[in-house]
Every structure is written in C-alpha cells, then in structure tokens.
Amino acid sequence: MNKPFAFAEDRNFETVSEGVKRKILAYGDQLMAVEVHFEKDAVGALHSHPHTQLSYVLEGEFEFEINGVKKVVKKGDTLYKMPNLVHGCKCTKKGTLLDIFTPYREDFINKK
C-alpha cells in the first residue's frame, strides 16, 4: 500500500468471525493499522503470531487474555503483545480496537 492517506470510505470491512469484523486501514512493509469491531459477547479466539502488536481500545470493554493472564480493559487502555504470545479476548461491551502490527500482517493481505 505505502500511500500517505488511507480514507475510511475507501476501506471495506471483512468478517473475521461471528460478531467480529475488521478494516485494514494503512500498511507498509514494517507497519500496519487495523480497526476491529466487536459485538457484545463476540470472541477473538486465542491465537499467536510472529508480529509485535499494540491494541488500543477505541470503544467498549473487553476481557483480554495474554500469555495466560486475564484483565478487563476499556476505552483508552492499550495492550502490548510480544511476538508468539498466545492472546485473545471476549467483548463484554460492544467495542472497537485499533490494532497496530509490526511488521505488517501478510496473511491479512493475502486473504483478499
């Protein structure tokens, strides 16, 4: 992509799982921003990947598990996930996350 502007109206949502959809905002070789929307009680299944990830809670409330530790996070909170740590969440109040990955998630792009 590597474009200086990424307009929301030019981005489409894709369904991740029941009650979860994401929109890839912008990315280059070393960085990616993704907006992820969750309905109440939707689950982001436990998983791991080789990317470093920050998740910023834009709206809502989530119970996150990272490397076996569970914490409730809400609007304004940030999570830092080291590569290969198992993590996932349950949305307890409808919400949105801004996920930042480094390097970018090739697997997200190659699905299209």
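The residues of the chain are indexed from 1 along the displayed sequence. Just so we're clear, the structure is a prediction, and the values are computed from it rather than from any experiment.
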Less than 4.5 Å apart, side chain to side chain, heavy atoms only: is that true for Thr15 and Val20?
no
Approximate separation, where rounding is to 0.5 Å, of Asp29 CG and Glu106 CD
8.5 Å
I'd like to know whether Arg105 forms a side chain to side chain contact (heavy atoms under 4.5 Å, CB included) with His49, so could you lay out the CA-CA distance, the side-chain angles of the two residues, the decisive distance to 0.1 Å, and finally the verdict.
CA-CA 9 Å; Arg105 295 286 305 261; His49 45 75; 3.2 Å; yes
Spatial distance of atom CD (Gln53) from atom CG (Leu85) [nearest 0.5 Å]
10.5 Å
What closest approach, in Å, do Ala45 and His47 show between heavy atoms, and which atom pair accounts for it?
O-ND1, 2.8 Å
Smallest separation among heavy atoms of Leu98 and Ala33, with atom names
CD1-CB, 4.4 Å
Verify side chain to side chain contact (heavy atoms under 4.5 Å, CB included) between Thr92 and Lys40, making sure each step is shown before the conclusion.
CA-CA 5 Å; Thr92 55; Lys40 183 183 183 307; over 6 Å; no
Validation row: Phe108, Met32 side chains within 4.5 angstrom (heavy atoms)
yes
Anything under 30° is parallel, anything over 60° is perpendicular, the rest tilted; go ahead and classify Tyr27 against Tyr104.
parallel
Lys/Arg-Asp/Glu bridge criterion (N-O < 4.0 Å) met for Arg22, Glu35
no
Please set out all donor-acceptor pairs under 3.5 angstrom arising from side-chain atoms of residues 63-83, sequence neighbours excluded.
from	atom 1	to	atom 2	distance (Å)
Lys75	NZ	Glu59	OE2	3.4
Asp77	OD2	Lys74	N	2.8
Lys81	NZ	Ser55	OG	2.4

Grouping I, L, V, M, F, W and Y whenever their side-chain heavy atoms are under 4.5 Å apart, do Val36 and Ile100 come out in a common cluster?
yes
So which heavy atom on Pro50 is nearest to which on Asn84, and how close?
CA-OD1, 3.5 Å
Using every non-hydrogen atom in the two residues, find where Gly44 and Phe38 come nearest and quote the distance to one decimal.
N-CE2, 3.9 Å
Taking the side chain as C-beta and beyond, is there a heavy-atom pair between His51 and Thr102 under 4.5 Å?
no
Nearest non-hydrogen partners of Gly19 and Ala42, listed with the distance:
O-CB, 3.5 Å
Give a yes or no on this: more than 12 heavy atoms of other residues, nucleotides or ligands lie within 6.0 Å of atom NZ of Lys23.
yes
Please lay out, stage by stage, how Leu25 and Val34 fare under the test side chain to side chain contact (heavy atoms under 4.5 Å, CB included).
CA-CA 5 Å; Leu25 302 175; Val34 180; 5.9 Å; no
Check whether Val43 and Phe13 end up in the same hydrophobic cluster, where Ile, Leu, Val, Met, Phe, Trp and Tyr are linked by side-chain heavy atoms less than 4.5 Å apart.
no
Side-chain heavy atoms of Phe101 within contact of Thr52, under 4.5 Å
no
Spell out, as yes or no, whether a donor-acceptor pair under 3.5 Å connects the side chain of His87 to the backbone of Leu46.
no
Measure the SG-CZ distance between Cys91 and Phe62 for me, rounded to the nearest 0.5 Å.
4.0 Å
